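All remarks here apply to the structure that follows.
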Amino acid sequence: MRILVTGGAGFIGSVLIRYLIKRSDVSVLNVDKLTYAGNLNSLDNIVLNSKYRFEQVDIVETKSLVQLMMEFQPDIIMHLAAESHVDSSISDPSSFIQSNIVGTFSLLEAARCYWGNLPAERKLGFRFHHISTDEVFGDLGKSSGLFTEDTAYLPSSPYSASKAASNHLVSAWHRTYGLPVMITHSSNNYGPYQFPEKLIPLMIINAISGRKLPIYGDGNQIRDWLYVDDHVKALFTVATTGVVGSTYNIGGHNEFRNIEVVELICMLLEELAPIKPSNVKFYRDLITFVTDRPGHDCRYAINAQKIEKELGWKPNENFVSGLRKTILWYLNNQDWWQQVLERRESFGTDRG
């Protein structure tokens with residue numbers, strides 16, 4: 001099996017590729033533009049593997065994509081490449097429109113050209129898997145409801161709007177051209193190798209560095225947290241056994257308020273990193289509340305019954321076990337995240 005992964009140098013993409021390469025029956029082509037959040041160091045342990053190949057290509061370059069597909073002959077395309085930093089989308093939405101909408105259009109056109117020229121048997125088995133987010137559904141507010149696959153899109157930020165638009169393109173290419181597609185929406189991912197602008201790695205790194213732990217608003221925004229290893233297993237399950245034309249929600253069944261997440265990080269750090277910076281008595285003392293961001297959604301929560309019932313996938317990690325693994329990784333891999341920070345000396349934050 002040959003799988004083309006876009007955005008494979010990013011957080012989820014790199015975890016997915018490492019998972020795929022461990023399988024004896026999979027070869028991978030990683031296509032990544034290498035923006036600030038792309039980091040090939042996350043793939044150091046497989047870079048010399050004969051089943052792995054990397055090409056630095058922007059997904060808006062349709063002709064280059066067609067050429068790569070013709071050379072590599074993928075059976076599956078797993079599309080993860082996207083701008084995903086919500087705060088950046090608010091301050092500069094243009095790159096999100098270009099990457100997430102125009103880029104997805106270009107990739108779909110390249111895939112349609114490649115797929116249309118495959119022999120009948122291979123054409124029947126080809127899959128285009130588009131990886132999206134629960135943020136396209138908007139805000140559940142203070143309700144107790146859950147996002148299902150049939151929930152209407154109501155995006156709040158330029159980021160989520162661009163992802164919703166890309167989802168519509170994928171669905172349209174299936175209905176109009178017959179391209180065999182699947183779409184997945186996941187809840188908030190966390191785990192090793194996540195870029196330090198995201199809530200959990202930012203709080204871990206700031207805490208052990210003796211810096212403030214900034215939380216938007218009152219910290220009562222609720223998210224469903226999904227350990228990244230569980231996510232990539234779900235992605236492979238969908239790509240290989242999902243029904244063409246279907247959408248699947250992938251959730252971790254771990255709803256927590258942002259303030260609870262940060263407090264839990266502080267509690268675990270008291271145990272796992274008891275030697276603190278000189279200005280820190282207790283990690284929780286670093287918590288500070290800052291002005292909320294515009295259009296900040298109150299609650300996201302996933303109903304993942306469809307993928308569990310139809311495809312047999314369930315998450316393995318609960319939030320505490322996954323968070324403990326994540327904290328230990330950041331404590332033991334400071335060279336990785338220090339290098340990431342040096343590559344981008346100043347960056348925004350995406351705190352839930």
Side-chain angles (χ1 to χ4, degrees), residues 7 9-16 18 35-44 80 82-89 133 135 159 186-216 219 221 223-232 252 254 256-273 276-277 280 283-284 286-288 290 293 317 319-352:
F11 167 45
I12 300 172
S14 65
V15 179
L16 173 64
R18 290 194 302 274
T35 61
Y36 75 90
N39 187 357
L40 289 177
N41 292 334
S42 301
L43 295 163
D44 275 350
L80 293 92
E83 293 285 346
S84 63
H85 185 197
V86 176
D87 286 358
S88 293
S89 81
T133 170
E135 295 192 42
Y159 159 61
S186 80
S187 54
N188 278 30
N189 277 226
Y190 71 101
Y193 294 99
Q194 190 169 27
F195 193 77
E197 69 191 1
K198 298 295 185 177
L199 176 69
I200 288 175
L202 176 71
M203 296 300 151
I204 296 169
I205 292 169
N206 275 16
I208 62 178
S209 303
R211 296 195 294 267
K212 294 293 185 181
L213 306 180
I215 300 177
Y216 279 135
Q221 304 86 0
R223 302 293 182 260
D224 173 21
W225 293 93
L226 175 64
Y227 192 63
V228 67
D229 285 12
D230 284 331
H231 187 197
V232 301
N254 294 302
F256 287 88
R257 295 180 297 140
N258 285 347
I259 183 62
E260 292 174 322
V261 172
V262 178
E263 288 173 343
L264 184 54
I265 290 171
C266 292
M267 184 186 74
L268 289 171
L269 282 172
E270 293 290 345
E271 172 195 345
L272 301 174
K276 306 179 182 70
V280 178
Y283 287 112
R284 67 174 180 270
L286 296 171
I287 294 174
T288 184
V290 300
R293 71 179 176 213
E317 295 290 344
F319 189 56
V320 175
S321 67
L323 190 57
R324 177 180 290 272
K325 289 181 179 180
T326 302
I327 292 172
L328 284 170
W329 187 89
Y330 279 93
L331 292 175
N332 294 326
N333 290 273
Q334 294 195 25
D335 287 347
W336 181 89
W337 55 259
Q338 287 284 9
Q339 189 175 55
V340 171
L341 295 181
E342 289 168 4
R343 287 178 55 209
R344 191 180 186 200
E345 293 181 359
S346 63
F347 55 86
T349 57
D350 195 0
R351 301 186 291 277

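Everything numeric in this text was worked out from a predicted model, so none of it was measured.
- Atom CD1 in Ile204 sits 11.0 Å away from atom OH in Tyr283 (nearest 0.5 Å).
- Taking the ring centre of Tyr190 as origin, the terminal cationic atom of Lys198 falls outside the region bounded by 6.0 Å and 45° from the ring axis.
- One finds the CG atom of Leu341 at 10.5 Å from the CD atom of Gln334 (value rounded to the nearest 0.5 Å).
- With sequence neighbours excluded, the residues satisfying side chain to side chain contact (heavy atoms under 4.5 Å, CB included) with Asn333 are Trp329, Trp336.
- Asn188 places no side-chain N or O within 3.5 Å of a backbone atom of Asp224 that could act as its donor or acceptor partner.
- The OG atom of Ser42 sits 11.0 Å away from the CD atom of Gln194 when rounded to the nearest 0.5 Å.
- Minimum interatomic distance between Leu40 and Ala9 (heavy atoms only, all atoms of both residues): CD2-CB, 4.0 Å.
- Here Ser84 contributes atom OG and Tyr159 contributes atom OH; the two are 5.5 Å apart, rounded to the nearest 0.5 Å.
- With a 6.0 Å cutoff to the six-membered ring centre and a 45° limit on the axis angle, Arg18 counts as a cation-pi contact of Tyr193.
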Report task. Start with the C-alpha distance between Leu323 and Phe256, add both sets of side-chain angles, then the distance that settles side-chain contact (heavy atoms from CB on, under 4.5 Å), and finish with yes or no. Result -> CA-CA 12 Å; Leu323 190 57; Phe256 287 88; over 6 Å; no

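- Glu317 meets the side chain to side chain donor-acceptor pair (under 3.5 Å) test with Ser321, Lys325; sequence neighbours excluded.
- Counted within 6.0 Å of CG on Asn332, heavy atoms from surrounding residues, nucleotides or ligands total more than 12; the atom is thus considered enclosed.
- In this structure, Met267 and Arg284 have side chains that are not in contact, with every pair of non-hydrogen atoms separated by 4.5 Å or more.
- Among all heavy-atom pairs drawn from Ser209 and Trp337, the shortest one is OG-CH2, 4.5 Å.
- Heavy-atom minimum distance, Ile205 versus Pro196: CD1-CB, 3.8 Å.
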Requested in this report: Give the intermediate values and the outcome of side-chain contact (heavy atoms from CB on, under 4.5 Å) for residues Leu199 and Val262.
Outcome: CA-CA 8 Å; Leu199 176 69; Val262 178; 4.2 Å; yes

Requested in this report: Check the pair Asn258, Tyr216 against side-chain contact (heavy atoms from CB on, under 4.5 Å), reporting the backbone distance first and the verdict last.
Outcome: CA-CA 9 Å; Asn258 285 347; Tyr216 279 135; 5.9 Å; no

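- A 4.5 Å side-chain heavy-atom check between Val86 and Glu135 finds at least one atom pair inside the cut-off.
- In this structure, the separation between CG on Asn189 and CG on Leu226 is 5.0 Å, given to the nearest 0.5 Å.
- Note that CD1 of Ile200 and CD1 of Ile265 are 5.0 Å apart. Values are rounded to the nearest 0.5 Å.
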**Report entry** side-chain contact (heavy atoms from CB on, under 4.5 Å) evaluation trace for Glu263 with Ile287
**Finding:** CA-CA 8 Å; Glu263 288 173 343; Ile287 294 174; 4.0 Å; yes

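- Under the rule for a side chain to side chain contact (heavy atoms under 4.5 Å, CB included), the partners of Arg324 that lie at least two apart in sequence or sit in another chain are Leu268, Glu271, Leu272, Leu328.
- Contact detail for Pro192 and Thr326: the closest heavy-atom pair is CD-OG1, 4.2 Å.
- Taking each heavy atom of Asn206 and Pro214 in turn, the nearest pair found is ND2-CD, 3.9 Å.
- Taking every heavy atom of both residues into account, Ala207 and Leu213 meet most closely at N-CD2, 3.6 Å.
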